[in-house]
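Everything below concerns the one structure shown next.
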Amino acid sequence: MPNTKIGDKKLPVVMRLAPYPSGALHIGNARMIVLNDEYVKKYKGKLILCFDDTIGATKQMLEESPEKAKFVLPDAYDLILEGLKWLNVDYDRNNIIYKSDRVDIYKDYAEKFIQEGNAYVCTCSADEFRNKYKNRAKECPCRNISIEDHIKRWEKMLNGNYGEGDAVVRLKTGMDQKDPAVRDQVIMRISDAEHPRIGNKTRVWPLLDFSWGIDDHELGITHIIRGADLQKEGFIENFIWDLMGWSKPEIFLYGRLNFSSEFKLSKTHARVCIQNGEYDGWDDPRTWSLQSLKARGIQPESLRETLLDLGLSKSGINFSEKWLYAKNTKLIDESANRYWFVENPILLEISGLAESKYVSNPLLNPNNEDLGTREIILIADNGKAGVYISKNDIKVQMNRKGNKIRYPKMAPGYEFRLKDLFTVKIDKINLEQNKLKASFLTNEFDVSIRKIQWVPANNYIKVKVLKPDGIQTNGFAEKNVKELSIGEKIQFERYGYVKIRRLDDDIVYCYFTH
RNA sequence: GCUCCCAUAGUCUAAUCGGUUAAUGAUAAUGGAUUCUCAUCUCAUAGAUCCGGGUUCAAAUCCCGGUGGGAGUACCA
């Protein structure tokens with residue numbers, strides 16, 4: 001944990017989580033959650049959960065481009081609570097706040113601001129205001145009409161005489177601000193969209209800056225940790241606090257998290273993909289939601305620590321999921337039993353066998369021998385037997401990290417060990433027909449030889465593994481896998497950790513953890 | 001364009017209010033030991049203060065300039 005000034009003050013620490021309920025929390029949102037939770041725990045403070053469920057889009061935007069529009073998804077409230085529970089976040093469960101319950105408060109303040117001449121109702125269109133006034137640092141004509149007229153305009157906003165986009169309330173931060181981003185910011189605007197919690201109870205909604213300017217004070221927030229993309233909001237909030245003469249919470253900003261281009265981190269994007277059937281649901285690994293991480297077998301502690309390691313740095317971070325995986329491996333390795341799985345199976349016909357039955361008893365977990373062994377039996381007939389091995393081991397000269405392996409490429413004459421069984425020598429490779437021929441060489445074990453996992457050709461179970469990219473890969477696993485239970489985290493040797501997802505009679509479905 | 005923020009190894013983080021040869025940090029890389037998994041565990045190696053000025057006895061740290069990157073400039077959050 002980085003050291004900060006948080007907690008130096010005598011006052012008790014009160015912080016808040018402000019998720020927008022448009023979908024399940026994802027790994028990016030989790031940073032905000034974990035950071036807040038951790039500091040509150042450190043200073044024995046209080047954490048308030050406040051759903052930032054203002055309306056988001058206008059009705060018009062929802063109708064025109066629903067795939068881009070931001071709106072409150074009813075299911076998201078529970079999805080978020082589920083994510084917080086999984087992450088073991090200590091928020092005040094007896095006092096969950098919903099912004100949508102507080103619209104009257106914002107309206108009252110807005111009216112007060114107007115009455116005191118600190119805000120005004122502007123009827124300029126967004127484009128007009130930007131081009132004619134904001135970019136030129138000039139005041140729009142609305143700004144200087146009388147307060148009485150502004151009150152009348154305000155009433156027209158409330159009662160429906162103005163339509164969406166016809167009028168907004170602007171805070172008089174000043175058109176001469178050096179930073180064009182903060183010139184007379186909009187604080188209230190009209191949306192006729194229906195809200196899942198309060199329906200059409202109100203049509204005038206606050207914007208984030210304003211609602212938090214009020215609520216951070218009303219809720220007694222002492223410290224705020226949020227992304228640097230919200231720096232402008234900090235300015236507006238400070239402006240409001242100064243105006244009201246309120247004491248100021250301390251704001252800490254952290255920098256942007258960049259994820260690799262393969263995954264799109266967006267609740268709205270995930271929602272669209274789920275709705276159109278491209279994704280399975282909120283636990284689809286491509287959402288990178290907390291639900292999906294849980295499903296995959298990521299431990300919440302792994303995520304917490306990984307995110308906490310980044311600290312409160314303001315610089316942009318190129319996040320690597322490998323950090324998360326490395327931590328998780330340390331956490332689950334000791335309890336993950338080992339099994340054999342061959343991806344892209346290819347048949348290996350072995351000849352020259354003297355026995356009719358071979359029994360292999362590999363350890364369930366070499367790091368914990370007390371767990372015992374499992375049994376894999378290979379039956380030979382007429383000196384011959386078949387096993388499946390992975391084609392990857394023949395074609396690809398890489399380990400699972402993507403680094404080159406030391407062993408030479410498989411070719412006729414190549415000797416290798418069927419793990420915990422015996423050593424064979426390749427006679428023939430026929431990739432087109434998906435077949436290999438080999439002959440028995442010896443039972444004796446040589447440490448330096450290459451070991452390959454295998455499954456008996458006449459006794460295996462089909463397995464489908466769902467990878468983080470959403471692609472399902474097929475293979476065969478030893479029959480013992482069929483006896484496992486759903487949710488169990490295991491390791492497919494030399495392949496990766498997986499979590500059992502579903503067990504059918506003839507197929508086992510797994511999530512690929514890492 | 002304007003405003004603001006950031007800058008230490010490949011990627012990230014440390015480095016008490018400026019103070020000895022910049023971490024025994026994480027991850028990734030390389031090599032070794034262990035292992036019937038090139039997995040895990042373990043040991044070791046290699047790897048950095050963006051550039052240029054200034055202040056100072058002393059600068060990764062403070063100041064100025066440059067360069068690079070990012071964010072904001074929404075009637076989203």
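Within every chain, numbering begins at 1; the chains are lettered A, B, ... in the order of the sequence lines, protein sequences first and strands thereafter. Source: prediction; values computed, not measured.
- The aromatic ring centres of A/Tyr497 and A/Phe512 sit 6.0 Å or more apart.
- Using cut-offs of 30° and 60° for the angle between ring planes, the A/Tyr109 and A/Phe113 rings count as perpendicular.
- A distance of about 28 Å separates the C1' atoms of B/G32 and B/U21, rounded to the whole Å.
- At whole-Å resolution of the value, CZ in A/Arg31 and C1' in B/U13 are 11 Å apart.
- Counting only residues at least two apart or in different chains, ring pair (Phe, Tyr, Trp, His ring centres under 6.0 Å) contacts with residues 157-180 of chain A are absent.
- The main-chain N or O of A/Glu67 is never found under 3.5 Å from a side-chain atom of A/Ser65 such that the two would form a donor-acceptor pair.
- Side chain of A/Arg417 to main chain of A/Asn443: a donor-acceptor pair is present (N/O by atom type, distance under 3.5 Å, no hydrogens or angles).
- Per the geometry, CG belonging to A/Leu307 stands 15 Å off C1' belonging to B/U27, to the nearest Å.
- Taking the P atoms as reference points, B/C43 lies 16 Å from B/A33, given to the whole Å.
- Residue contacts shown for A/Ser22 are absent, as no nucleic acid heavy atom lies under 4.0 Å away.
- Taking the P atoms as reference points, B/C36 lies 24 Å from B/A29, given to the whole Å.
- Following rounding to the nearest Å, A/Arg374 (CZ) and B/C36 (P) show an atom-to-atom distance of 14 Å.
- For A/Asp209 (side chain) and A/Ile236 (main-chain N/O), no donor-acceptor pair under 3.5 Å exists by modelled atom type.
- Here A/Tyr20 lies in heavy-atom contact (under 4.0 Å) with sugar-phosphate atoms only.
- Position along RNA chain B of the nearest nucleotide to A/Arg183 versus A/Asn443 favours A/Arg183 as the more 5'-ward residue.
- Rounded to whole Å, the C1' atom of B/G47 lies 14 Å from the corresponding atom of B/G25.
- Atom name C1', nucleotides B/U24 and B/U45: the rounded distance is 15 Å, in whole Å.
- Looking only at side-chain heavy atoms (C-beta outward), A/Lys395 and A/Met410 stay at 4.5 Å or farther from each other.
- In terms of modelled atom types and a separation under 3.5 Å, the side chain of A/Trp154 and the main chain of A/Glu111 share no donor-acceptor contact.
- At the heavy-atom level, A/Asp309 lies under 4.0 Å from the strands shown only through sugar-phosphate atoms.
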* Can you give one letter per nucleotide of nucleotides 66-74 of chain B, going 5' to 3': B for a protein heavy atom under 4.0 Å from the base, S for sugar-phosphate only, - for none? -> ----SBBSS
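- Ring centroid separation for the pair A/Tyr495 and A/Phe341 comes in under the 6.0 Å cut-off.
- Within 4.0 Å of A/Ser313, counting heavy atoms only, lie sugar-phosphate atoms of the nucleic acid but no base atom.
- Whole-Å rounding puts the A/Lys99 NZ to B/C76 P distance at 15 Å.
- For A/Lys314 and B/C6, a side-chain-to-base donor-acceptor distance below 3.5 Å is absent, hydrogens and geometry of angles not being considered.
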* **Pair assignment for RNA chain B - dot-bracket with | for other-strand partners, Watson-Crick or G-U under 3.5 Å** => (((((((..((((.....[...).))).((((.........))))....(((((..]....))))))))))))....
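- Counting only distance, with no hydrogens or angles, the side chain of A/Asn328 and the backbone of A/Ser302 share no donor-acceptor pair below 3.5 Å.
- Residue A/Lys451 places at least one side-chain N or O under 4.0 Å from the OP1 or OP2 atom of B/U37.
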Check the interface with nucleotides 8-11 of chain B: list each N/O to N/O pair with the protein under 3.5 Å, or write none.
from	atom 1	to	atom 2	distance (Å)
B/U11	O3'	A/Asn318	ND2	3.3
B/U11	O2'	A/Asn318	O	2.9

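- Residue A/Thr54 places at least one side-chain N or O closer than 4.0 Å to OP1 or OP2 of B/A77.
- Two residues, A/Leu421 and A/Lys178, neighbour RNA chain B, and the one matched to the more 5' nucleotide by heavy-atom proximity is A/Lys178.
- Of the candidates B/C36, B/U37, B/U30, the closest approach to any side-chain atom of A/Asn403 belongs to B/U30.
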* Structure fact -> Whether each nucleotide of nucleotides 39-49 of chain B has a protein heavy atom under 4.0 Å at its base (B), only at its sugar-phosphate (S) or at neither (-) is summarised, 5' to 3', as BBS--------
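- For the pair A/Leu418 CG and B/U37 C1', the interatomic distance rounds to 14 Å; values are reported in whole Å.
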* To do: May I have the step-by-step check of side-chain hydrogen bond (donor to acceptor under 3.5 Å, both in side chains) for A/Asn367 and A/Asp333, ending in yes or no?
  => CA-CA 8 Å; A/Asn367 295 335; A/Asp333 182 76; 2.8 Å; yes
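- Remark: the backbone N or O of A/Gln60 is paired with a side-chain donor or acceptor of A/Glu164 at under 3.5 angstrom.
- The side chain of A/Arg450 contributes no N or O atom lying less than 4.0 Å from OP1 or OP2 of B/U35.
- Across B/C4 and B/U13, the matching P atoms stand 24 Å from one another, rounded to whole Å.
- Taking a 4.0 Å limit (strictly below) on heavy-atom distances, residues 156-172 of chain A reaches RNA chain B at A/Gly165, A/Val168.
- Of the possible donor and acceptor atoms, one in the side chain of A/Asp53 sits under 3.5 Å from a partner among the backbone N and O of A/Ser100.
- For the residue pair A/Arg143 and A/Asp184, the shortest heavy atom distance occurs at NE-OD2, 2.8 Å.
- Note on A/Leu310: only backbone sugar-phosphate atoms sit closer than 4.0 angstrom, heavy atoms only; bases stay farther off.
- Between A/Phe51 and A/Ile96, some side-chain heavy-atom pair lies under the 4.5 Å cut-off.
- Ring geometry for A/Phe416 against A/Tyr414 counts as tilted: the plane angle lies between 30° and 60°, on a 0 to 90° scale.
- The closest donor-acceptor contact from the side chain of A/Arg374 to the backbone of A/Leu363 lies under 3.5 Å.
- Aromatic ring pairs are classed by plane angle as parallel below 30°, tilted from 30° to 60° and perpendicular above 60°; the pair A/Tyr388 and A/Tyr460 is perpendicular.
- Annotation: B/G31 and B/A39 have their P atoms spaced 12 Å apart (nearest Å).
- B/A48 and B/A14: their C1' atoms are spaced 13 Å apart (whole Å).
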